[in-house]
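Counting convention: from 1, in listed order, for ligands and their atoms alike.
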Amino acid sequence: MAEQELKALRLRIDSLDEKILELISERARCAQEVARVKMGSLAEGEVPVFYRPEREAQVLKRVMDRNQGPLGNEEMARLFREIMSSCLALEQPLKVAYLGPEGTFTQAAAMKHFGHAVISKPMAAIDEVFREVAAGAVNFGVVPVENSTEGAVNHTLDSFLEHDMVICGEVELRIHHHLLVGENTKTDSISRIYSHAQSLAQCRKWLDAHYPNVERVAVSSNAEAAKRVKGEWNSAAIAGDMAAGLYGLTRLAEKIEDRPDNSTRFLMIGNQEVPPTGDDKTSIIVSMSNKPGALHELLVPFHDNGIDLTRIETRPSRSGKWTYVFFIDFVGHHRDPLVKGVLEKISQEAVALKVLGSYPKAVL
Ligand SMILES: C=C(O[C@@H]1C=C(C(=O)O)C=C[C@H]1O)C(=O)O
């Protein structure tokens, strides 16, 4: 009886899959048509822009709004994320540089934001990601900017002072760390634990409780740590799912981060300004002169106009001109009249003001 029922259900699934296949193909043909129209409407010397982050954010939001289950909104959006990624690759495959090596959380963030149909290029350092984008070797770069446990990623903030870059998107990733070993390691004789300094810090309490006397060695990335222990005896790495899978390591302990909500925010950097979607954020760098009340003066226009600040970070200046440098994120787009007014007000008081970009709030 159950056999009969299963057979009937599988026939139904086969027929639905055929319809889905046809619909996805029709969608892909539409994207090809979009590319043709974009190419046909170019002014002389104009470079076509195939990737439209504001449109993609709207597509994903629409899917989430209309979804009625049983799949969750995030799950459904993830599927559409991949469909769009493949459709865009038909127009033009995006080239994306990220903080590598392969298997880093930054690579996972790049895939979460752009989908898997991109040509991705691992870079050895954050600054190299910036340089690769500036040189035009890739369309976009992906870099970590802040972690909910450990705070700002200063290398990224400092790179914004040195390069003219446009932020065109953000993505947040829940960061789960695992304790990983290779096949040669005896679990009771671990003498060294490798990971990135940020990850060691994010798991400090767990390490103090479980491996108080084992040496902790900071390396350039979690993926690098995973790569090392693959061949080494009696050492372990702290890294995430991607690195564990990539290097075929065994999980001795899962989700060992001290805070269960441990998350990292990543930025997409490029050269392309993103039009408003109605649900955007803006990032700016401001330097104020070194006088009492400077920070207060900077914040008052936001307060007076009811603009929601989501983050403020201070960095030491790199030159005499940048006495104090504040990195500020707030809700809104720099083309919104209210935001425009606030920016004009601030620039009257500031030594320098640079809009790093306005971009859709993370959808996924
Ligand atoms: C189809 C377009 O091009 C790209 C592909 C999209 C898609 O598959 O939905 C959306 C935006 C662009 O990144 C478009 O601009 O509408």
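- When Glu56, Glu54, Lys38 are ranked by how near their heavy atoms come to atom 10 (C) of ligand 1, first place goes to Glu56.
- Residue-ligand proximity, Arg55 to ligand 1, at heavy-atom distances under 4.0 Å covers atoms 10 (C), 11 (C), 16 (O).
- Using a cutoff of 4.0 Å between basic side-chain nitrogens and carboxylate oxygens, Glu26 and Arg29 are not scored as salt-bridged.
- In terms of protein heavy atoms, atom 8 (O) of ligand 1 is closest to Arg27 NH1, 2.8 Å.
- Closest protein heavy atom to atom 5 (C) of ligand 1: Glu91 OE2, 3.6 Å.
- We find that Lys354 and Asp164 are joined by a salt bridge, their nearest charged nitrogen and carboxylate oxygen being less than 4.0 Å apart.
- Taking a cut-off of under 4.0 Å to the non-hydrogen atoms of Cys87, the atoms of ligand 1 that pass are 8 (O).
- Near Leu88, with a cut-off below 4.0 Å to any heavy atom, the atoms of ligand 1 are 4 (C), 13 (O).
- We find that Lys340 and Asp336 are not joined by a salt bridge, their nearest charged nitrogen and carboxylate oxygen being 4.0 Å or further apart.
- With respect to atom 12 (C) of ligand 1, the closest heavy atom belonging to the protein is Phe50 O, 3.4 Å.
- Heavy atoms of other residues, nucleotides or ligands lying less than 6.0 angstrom from CZ of Arg62 number 12 at most.
- In this structure, the side chain of Arg192 does not engage the main chain of Arg216 through any donor-acceptor pair within 3.5 Å.
- Residue contacts with ligand 1: Tyr51 is placed with no nitrogen or oxygen under 3.5 Å of a nitrogen or oxygen of the ligand (distance criterion only).
- A salt bridge links Arg311 with Asp329: at least one charged nitrogen is closer than 4.0 Å to a carboxylate oxygen.
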